[in-house]
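For reference, the structure is listed below as structure tokens.
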Amino acid sequence: IQQVYAKVNPSVVAVVAEQSDGSAAVGTGVIMTESGYIITNAHVLTDGKSFKVIMSDESEYAAKVIGKDNKTDLAVIKIDGSDFPAATMGNSDEVVLGEAVVAIGNPAGLSGSVTNGIVSGLNRQIRSDATGFDMNCIQTNAAISPGNSGGALVNMYGQVIGITSSKYVSSSYEGLGFAITINEVLPIVQDLIDNGYVTDRVRVGITFISLLPEEVQQNFADEIGMKTIPDDLSGVWITEIAEDCDIANTELQVNDVIVSVQGEAVDDYDSLNAAIAGLKGGDTMEARCRRYQPNGTFEEFTIQCKLMEDTSGNY
């Protein structure tokens, strides 16, 4: 552990986000390239007015945001200079259950903290508490605290195999920490460097609520003015339509229900995402919709709209 720490700690930095009220939030980053690109978590940068990086030798650099993706909670910042101590990236596909790992970061602003543990689980599809978006994670019992966010999970060869995030944690259980696998991190980070956003994402242009929960069904019935909940009520309840998207040009209205997309039934965020998987900006989406009346009947209609490329990085 001492040797691993000595090798990797110079590549792990404190990321300080100066807030407009004069306070500062501190997270962690991992130096990715000798030219000063640094991987961190998107939530570390939230509300930051300006950013700086503090190296392990306590030297400080001003940092600029290259791109951040709230959906995956990953971001890239850059400092000016050369010959920075870049971390060695590992291959997370080669990680085995039970192997020893070390987490290096800045929990509670305590820079250069190291905790150790083992790989407790592999291929965990963990949903971020912030975004509801699944990422492939390594589970570890090495302690991961909020300030560790953006830090490194390292194998005993001193290779980074994951980026730790306090947004992918289980707050109700001790000893359950998660790191996004480095093989999932690197393509996203490269996209952020090349484009400033993650490519090949689409935006439909709707805000909706799943009609799966019974209380939502009751709220929907109340909104439409129905005395009872219809027997076969399912789908997603449209609460907002973005004016700048093509879907605003269709007959879809607020309080309509989309029941299927591309011929696949949809009833929540995951099923809608699955139905449009593989579609790109400019592709056409077909959706079957229902408009309910106060007496419980509905008329069914089909819409077609072009999808937009989503460059926002939001979820």
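All figures in this text were calculated on a predicted structure; none of them were measured in a lab.
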Is it true that [X] and [Y] fall in one hydrophobic cluster, defined by side-chain heavy atoms closer than 4.5 Å?
X      : Y      : result
Leu192 : Val185 : yes
Val12  : Met55  : no
Val114 : Val154 : yes
Leu74  : Ile66  : yes
Val189 : Ile180 : yes

Going from [atom1] on [X] to [atom2] on [Y], what distance comes out if it is rounded to the nearest 0.5 angstrom?
X      : Y      : atom1 : atom2 : value
Gln190 : Met32  : CD    : CE    : 5.0 Å
Asn219 : Glu214 : CG    : CD    : 11.5 Å
Asn123 : Cys137 : CG    : SG    : 10.0 Å
Lys306 : Cys245 : NZ    : SG    : 13.5 Å

Are any non-hydrogen side-chain atoms of [X] and [Y] less than 4.5 angstrom apart?
X      : Y      : answer
Thr311 : Asn195 : no
Ile161 : Thr181 : no
Met89  : Leu186 : yes
Val257 : Cys289 : no
Ile104 : Val102 : yes
Ile241 : Leu252 : yes
Asn155 : Glu99  : yes
Ile38  : Val53  : yes

> Would Asp69 and Arg201 count as a salt bridge (charged side-chain N to carboxylate O under 4.0 Å, His left out) if you check the C-alpha gap in whole Å, the side-chain angles of each, and the deciding distance to 0.1 Å?
Replying inline: CA-CA 11 Å; Asp69 185 54; Arg201 288 225 187 109; 2.7 Å; yes
Report yes or no: does [X] contribute a side-chain atom to a donor-acceptor pair with the main-chain N or O of [Y] at less than 3.5 Å?
X      : Y      : value
Ser11  : Pro85  : yes
Asn106 : Gly112 : yes
Asp268 : Ser271 : yes
Tyr269 : Ile209 : no
Lys7   : Tyr157 : yes
Thr140 : Ile118 : yes
Ser92  : Asn183 : yes
Asn41  : Gly150 : yes

Can you tell me if [atom1] on [X] sees more than 12 non-hydrogen neighbours from other groups inside 6.0 Å?
X      : atom1 : value
Gln125 : CD    : yes
Glu251 : CD    : yes
Gln2   : CD    : no

> What do you reckon, are the aromatic ring centroids of Phe208 and Trp237 less than 6.0 Å apart?
Replying inline: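 Between Trp237 and Phe208, which both carry aromatic rings, the centre distance is not below 6.0 Å.
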> Given the side-chain rings of Tyr37 and Phe84, with only the six-membered ring counted for Trp, is the space between their centroids under 6.0 Å?
Replying inline: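 When the ring centroids of Tyr37 and Phe84 are compared, they turn out to be at least 6.0 Å apart.
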[X] with [Y]: basic N within carboxylate O range, under 4.0 Å:
X      : Y      : answer
Asp222 : Lys227 : no
Lys71  : Asp310 : no
Lys49  : Asp21  : no
Arg288 : Glu300 : yes

> Can you check side chain to side chain contact (heavy atoms under 4.5 Å, CB included) on Ile188 and Asp191, steps first, answer last?
Replying inline: CA-CA 5 Å; Ile188 293 167; Asp191 238 357; 5.6 Å; no
> Looking at Thr28, Leu45, Val13, Ile163, which one forms a side-chain contact (heavy atoms from CB on, under 4.5 Å) with Thr40?
Replying inline: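 In the set Thr28, Leu45, Val13, Ile163, the residue that makes a side-chain contact (heavy atoms from CB on, under 4.5 Å) with Thr40 is Leu45.
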>> Go through it in stages, so that I can follow the logic: the residues are Arg291 and Phe298, the test is side chain to side chain contact (heavy atoms under 4.5 Å, CB included), and I'd like the CA-CA distance, side-chain angles, deciding distance and then a yes or no.
In response: CA-CA 5 Å; Arg291 182 166 301 148; Phe298 59 83; 6.0 Å; no
> Can you list the steps and then say if Val119 with Gln139 is a side chain to side chain contact (heavy atoms under 4.5 Å, CB included)?
Replying inline: CA-CA 6 Å; Val119 173; Gln139 180 189 334; over 6 Å; no
>> Run Met285 and Val261 through side chain to side chain contact (heavy atoms under 4.5 Å, CB included) and show every step you take.
In response: CA-CA 7 Å; Met285 177 191 91; Val261 169; 3.6 Å; yes
> Is it true that the side chains of Asp246 and Asn249 contain a donor and an acceptor less than 3.5 Å apart?
Replying inline: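 Short answer, yes.
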